[in-house]
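The analysis underlying the following values was restricted to heavy atoms, covering all of them including side chains, and did not include hydrogens, waters or symmetry mates. This structure is a prediction, so every number in the text was calculated from the model and none was measured. Letters go in sequence order (proteins before strands), and every chain restarts at 1.
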Number of protein chains: 2
Amino acid sequence: MSIETTGLREAKKRETRQLISDQATRLFMTQGFESTTIAEIATAARVATKTVTNYFPRKEDMAFDHQDAFVASLAETVSARPAGESVLGALRRTFEAGVAAQDPVIGFAGPDFSRMIHESPTLSACLRTLHDRREEALAAALAEATGSSPDDITARTTAALLAAVHRVMFRRIQELTLAGRTNDEIAAVVADEAADAFGLLEPALGHYAVG
Amino acid sequence: MSIETTGLREAKKRETRQLISDQATRLFMTQGFESTTIAEIATAARVATKTVTNYFPRKEDMAFDHQDAFVASLAETVSARPAGESVLGALRRTFEAGVAAQDPVIGFAGPDFSRMIHESPTLSACLRTLHDRREEALAAALAEATGSSPDDITARTTAALLAAVHRVMFRRIQELTLAGRTNDEIAAVVADEAADAFGLLEPALGHYAVG
DNA sequence: GCTAAGTTTACCTCCAACGTAAATTTCTCC
DNA sequence: GGAGAAATTTACGTTGGAGGTAAACTTAGC
């Protein structure tokens, strides 16, 4: 009698999905994304190729498993910020915490994973899409926070500026990872650079959406 | 005796390339990008399918013909700005000129073309890549203008912020185009919104890289 | 247990992407 | 102006991702 008794069927589904994703990521990291076929992944996971494409309509989705968490991260930071804190302050604080925790969500993905993305045009394009969806989600959260309409141009512009800082720093962490730096070294460098970047926006956005 | 007598061969190559691109764009706009096959394009252009893929390794390249001009646009604005003008001022001035001229490079692509991109995930991803390459080119130009190293993080952050404004306004123009507004109406709306957006960055970047 | 529902599988088509070699066109030099 | 050289276009074949369908199998609920 398991606690989360959502049924054997659903449990197996989750396991199969995770198994496929894990095998796929492993193969992508060792032999590259483009040169791994879905048939290989299916063999490694001991399922049919159609099962693979049932779980993951697009091949690249197997590499990015926690995309929803990534996309929602900035919007959630804004929604959950304490009263009196500006949006800029909240995003800055969350980024600093991410640096301290060396969080994969802000770019600490490890050398193998970073190389996998860097060497694949498909995965790079996919990551761009995720950054973009994250910006859109942030814009929606800003519109919500300021009580403006969901497609308010000020919210969208502000979201673009704030997300830009996170995106640049994400790439910076990736780049330093690929250059062989340790996470601790990267954290030290990035903490300073992020302080500059967020500081740059302070005069423009410091008083925007103070909750 | 033609003036630019670079040979019949090269002239025919240019013509064939243009013919394929034109037929492809026409088909993409009328029946959608994904539901147009390369074989159809080849038939319309009266060439072999292999000739199509010789000229355009990727199907999506047929839709974006002047990508290099787009990618270089912001960097060139910066490089060519007069002495005493800030980078922000130059990019703002060029955008305003683009609005006045209803320039396709800043987003005035027309309803058919805009719809074609909007309805195709592949083309949307491709456009994102172009925005990204444009930002990278801008970062390089900023590094050049400030005499810093090509991967200077301040230049990259600044480029991200400036390119973000252009990107948001590009999408805004696309969006209004899809909503059925005329170019004149769009120009009027966007001129005001761009003034706000660039104004927002004035305190942060107004004194950056005054040439 | 038995039946209904959901999951996995084998088999299928389509098409983009890529390689190779042959045929055709253009260029160059005599 | 014609012959050989070079480049382009073409036909043909292969691979692999994406998507559909229906049958076999597994789980859930009665």
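Chain B approaches DNA chain C over the interval dC15(C) to dC27(C), counting the first and last nucleotide 5' to 3' with an atom under 4.0 Å from its heavy atoms.
If you measure from atom CD1 of Ile38(B) to atom P of dA11(D), you get 15 Å, rounded to the nearest angstrom. For the pair Glu40(A) CD and dT15(D) P, the computed distance is 14 Å after rounding to whole Å. When the P atom of dG16(D) is taken as reference, atom NZ of Lys59(A) falls 9 Å away, rounded to whole Å. A straight line from CZ of Arg14(B) to C1' of dT8(D) spans 15 Å, rounded to a whole angstrom. Counting to the nearest Å, the C1' atom of dT15(D) and the CD atom of Glu34(A) are 14 Å from each other. One can place CZ of Phe28(A) at 12 Å from C1' of dG17(D), the figure rounded to the nearest angstrom. As a whole-Å value, the separation of Asn54(B) CG from dT9(D) P is 7 Å. Look at CZ on Arg17(B): it is 12 Å from P on dT9(D), rounded to the nearest Å.
A distance-only check finds a donor-acceptor pair linking the side chain of Thr77(A) to the backbone of Ser73(A) [under 3.5 Å].
When every heavy atom of Ala63(A) is checked against every heavy atom of Phe28(A), the shortest pair comes out as CB-CD1, 4.0 Å. Scanning both residues, Thr49(B) and Ile38(B), for their nearest heavy atoms gives O-CG2, 4.3 Å. When all heavy atoms of Ser114(A) and Gln174(A) are compared, the pair lying nearest together is O-NE2, 3.8 Å.
Between His118(A) and Phe113(A), the ring centre distance reaches or exceeds 6.0 Å. A ring-centre distance under 6.0 Å is not found for Phe64(B) and Phe56(B).
Across the interface with DNA chain C, nearest-nucleotide mapping of Glu10(B) and Thr37(B) shows Thr37(B) to be the residue nearer the 5′ end. Mapping Arg9(B) and Lys13(A) onto DNA chain C by nearest heavy atom places Lys13(A) closer to the 5' end of the strand.
The side chain of Lys12(A) places an N or O atom within less than 4.0 Å of a non-bridging phosphate oxygen (OP1 or OP2) of dT27(D).
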Could you go through Ser120(A) and Glu34(A), starting from their C-alpha distance and side-chain angles, then the distance that decides it, and tell me whether this counts as side chain to side chain donor-acceptor pair (under 3.5 Å)? CA-CA 7 Å; Ser120(A) 162; Glu34(A) 338 281 347; 2.7 Å; yes
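Heavy atoms of Tyr55(B) sit under 4.0 angstrom from primed sugar atoms or phosphate atoms, though from no base atom. Within the 4.0 angstrom heavy-atom criterion, no nucleotide atom of any strand lies near Ser35(B). Within the nucleic acid shown, Thr122(B) has no heavy atom closer than 4.0 Å to any nucleic acid atom.
Other residues, nucleotides and ligands contribute more than 12 heavy atoms inside 6.0 Å of the CZ atom of Arg93(B).
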Between protein and nucleotides 19-24 of chain D, what N or O pairs are separated by less than 3.5 Å?
residue, atom, partner, partner atom, Å
dG20(D), N7, Lys50(A), NZ, 3.0

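Residues Leu178(B) and Pro111(B) are not in side-chain contact: their nearest non-hydrogen atoms beyond the backbone lie 4.5 Å or more apart.
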